[in-house]
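Note sheet for the following structure.
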Amino acid sequence: MQLVIEGVGKRYPGRGWALSSLSLELGPGVFGLLGPNGAGKTTLMKILATLVRPSAGRVTWNGTDLARHPDAVREVLGYLPQDFGVYPQLSAVEFLDYLAAAKGLDSRAARRRIDGLLELVNLSDARNRPLGGFSGGMRQRVGIAQALLNDPQLLIVDEPTAGLDPEERVRFRNLLSELAGERIVILSTHIVSDVEAVASRLVLLGDGRVVADDSPERLVEAVRGRVWELDIRPGDLDAARRNWTVGAALRRGAVMTLRVVAAAAPRPDARPLEPSLEDVYLAHFAARREAAGAGAA
Amino acid sequence: MSAAVASPDRVARGDGRATPLGGLWRLAWPDFLERARRPGLVVSLLVMVWLTNGMLPPAIAGYRTYVMHDRFRPEYGPEWVGTLVGILTGLYFLIFGFYLVRGSIERDRRTGVGPILAAARVSRRRYLASKALSHLMVFVSMLLVAFVVALVAQRLLGENRRFDPLATALPLFAIALPVAAFVSAGAVLFECVPWLAGGGGNVAWFFASMGLLVSGLLGTHANASGSHDLLAIPSVMRETSVRLHALHPEIPVDFNQLSLGVDVSSRWRGVAQETFPWRGLRWDAGALASRALWLAAAAGLVALAALAFDRFERPARAGAGRASRPWAWFARTRPAAVAARRTTSVAALAPATRGLGFTGLVRAELALLLHGQSPWWYAVAGGLVIATVFAPFDVVRFGLLPVLSVWPLLFLGALGARDRRDGTEPLVFSVARPVARPLAAGALAGMLLYLALGAASLLRFAVTGHPDWAAGWMLGSLLVPALALALGTWTGGTRFFEVLLLFAWYVGPMHRLAGLDYTGVTAPRSPQLWTLALALTAALLAAAWIGRARLVRR
């Protein structure tokens, strides 16, 4: 089972390249895609889900070119888009049954699987209510269930935890961890803690290119010794942001404690901290943005 | 640049000196820009070029747009060109323009812009007036195109080379602009009244516009003054008739001998239309005031709309969630008994077994089509079908089957438009064979529905030796869903399908015009028409296929 992305680029008329020369080789496991807005994550997801044709390069699934034979991957694909709608007059069961028919699943087997999936995403009690009355989080869970309908070998989930409450987020993370064994799971998100919890490999995308590609542990290790904590006066926050890459800022009375990513101690009294994935994100993206801003100034 | 959030006293609130009209403009202009930057407006303007040119046929053309006593019309001078284009453009706006502009409030509701505006200080009336103004801007852009084309056409036709743009513009705008304002306001009103906001409103407007048109023409025949007619048709008919009578005293002033609108007939072939000079209507203060009355009526409609407007309390129309599901059993989607042991892991899920799937998809498409229809819909449909068993043949052919043919009108359009409307495209486009399979299932579901509605009649036709009628209905059963699929796929909505089918129904089955009788039972069909109907069905299915394939992989 192998998904190979070779030199893929996507150019939108009037908007330039959303992705350029992107190459990745993916086998079974959970892959986290992390990057700021506009980095090209959703475009990449849509290309892999055969919804968008790449302008350059090619994607192969077990050696089959998706541009020529998109059904090769559609047969085994589960896709949860970032934005999707539902048929508001249908209940969750009816909607999933329709999509099962669209995916060519046997009717009886599909109904049993739908029952199980609705339990899995904790929607059994709402199974017969019209989807039009569902909250955003409930619709998202219906989306998760539909992505798993055909027991996909390739599962692509774009911002899957958007709108979920903390309990459902944890439930979904556990679900992804369980799914990871014999399939390829690609997870795109802004929420660093989600990928941290489940991904075995992390790809950082910025401006349509791969900025970093490694295991979360090694990426974290790479920023060890570059994360600091220091105290400032609240009035100095603007100046601090101009001078350093600032992560969390916590106000404690008359003192503000900052988490800063910097190659060397920003001040003599700065205290070194244990790095996290959020620091990796900041080190790659906030620092790049600030450097670009300084260059422009 | 500081990243700090500005304190409230640093947020500029304006000096409060904006005029009411200025504020209205600032709301309407971006709404218009949103439309102007879509390809739809460009298409509408190109259609306007084609229509305007067609409104002014040369004297030797094979069709007429204004005929008096089968021979005459005013010559194409600046006044007549402006008047004729004004009336026919107004007619186009009245019947079809409504469908072009409506939907902007629903768009605000769907995109979430509406609730943001509702949370601001803008009043209902101002918001709705801005929507009507935005509609009006669309119409004005079309009128400007019509004006330019009319000027060019007058020069090219060469019947009267006097160049007087003001004399052309005055009747054109004086006639068509109030119609545009009235239709703009009507579109806003219809969007604010819940039971007129959907397909029911499309049907209601069609009949309302026909009613307005017929009432104006009745005024003409009753020889009333007709000065307040929406399209100013009575005034124009009277003035041109009087002028013709003055030039040809042997020809009486008889409004029954006038024809306005596109008239295609073999009798016009090779016969040149005779023309006479006409200097147009007198646009004095009284005449302009009578036109301004329609602007006041438009303002009244907006005020009425403000009373009905819910200020975005209601969810988007598609999300209203009708609860009635009398045919749910048919979809076989009733839940199985909940398993005694709760599924808590993926490993415990039932396997995803592949099956033939297509019959299931057809069943699901049929269930989706019928989903949410009220018991009344089924009761009337059942009553009509039962009536086709016992009613005399003529009643079945000319009454019951034509009514049954439009009975599913309000939901059949969803066949091709549902996925875009409900935002399910990424889900249904990422499955295997996402083009041909769902299209075939949709077409078959629509066809099954029509065959069920006409089942009793088909049996009677077969038994009594009328295979042509049976075949006609069967072809129509595929033609109509094909039309829904093609138009829905390409336009993303149901409106054009609803209007087109309603128009075809009104002209075809209801007036027994074989060329537009898609039911195939009200008028005898020639072999050429059979070929045309088959070719049209195939072309529509192909168009739907191409359209969906284009959407699936952008």
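Note that the structure is predicted; figures quoted are calculated from it, not measured.
In this structure, A/Tyr98 and B/Ala364 approach most closely via the heavy-atom pair CD1-CB, 3.5 Å. Nearest heavy-atom pair, B/Ala350 versus A/Ala109, reported as atom, atom and distance to 0.1 Å: CB-O, 4.4 Å.
The environment of B/Trp545 atom CH2 is sparse: at most 12 non-hydrogen atoms of other residues, nucleotides or ligands sit within 6.0 angstrom. More than 12 heavy atoms of other residues, nucleotides or ligands shown are found within 6.0 angstrom of NZ on A/Lys41.
Scanning residues 71-78 of chain A against chain B with a 4.5 Å heavy-atom cutoff picks out A/Asp71, A/Arg74, A/Glu75, A/Leu77, ordered by number.
For A/Ala180, the side chain to side chain contact (heavy atoms under 4.5 Å, CB included) partners at least two apart in sequence or on another chain are A/Val30.
Only the backbone of A/Asp83 comes within contact range of chain B, with at least one heavy atom under 4.5 Å from a heavy atom of that chain. Contacts between A/Ala110 and chain B at a heavy-atom distance below 4.5 Å are absent for every atom of the residue. Only the backbone of A/Leu149 comes within contact range of chain B, with at least one heavy atom under 4.5 Å from a heavy atom of that chain.
The line from CD1 of A/Ile114 to CG of B/Leu349 is 11.5 Å long, rounded to the nearest 0.5 Å. The distance from atom OG of B/Ser430 to atom CG of A/Leu80, rounded to the nearest 0.5 Å, is 10.0 Å.
Contact check for B/Leu368 versus A/Leu90: side-chain heavy atoms found under the 4.5 Å cut-off. Counting heavy atoms from C-beta outward, A/Phe95 and B/Leu427 have side chains that approach closer than 4.5 Å.
A/Arg113 places no side-chain N or O within donor-acceptor distance of the main-chain N or O of B/Pro351, the cut-off being under 3.5 Å.
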- Message: As a quick check of understanding, evaluate side-chain contact (heavy atoms from CB on, under 4.5 Å) for A/Leu105 and B/Arg354, giving each step before the final call.
- Response: CA-CA 4 Å; A/Leu105 299 184; B/Arg354 299 209 164 272; 4.0 Å; yes
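For the set B/Thr353, B/Asp419, B/Val428, the entry with the most heavy-atom pairs within less than 4.5 Å of chain A is B/Thr353.
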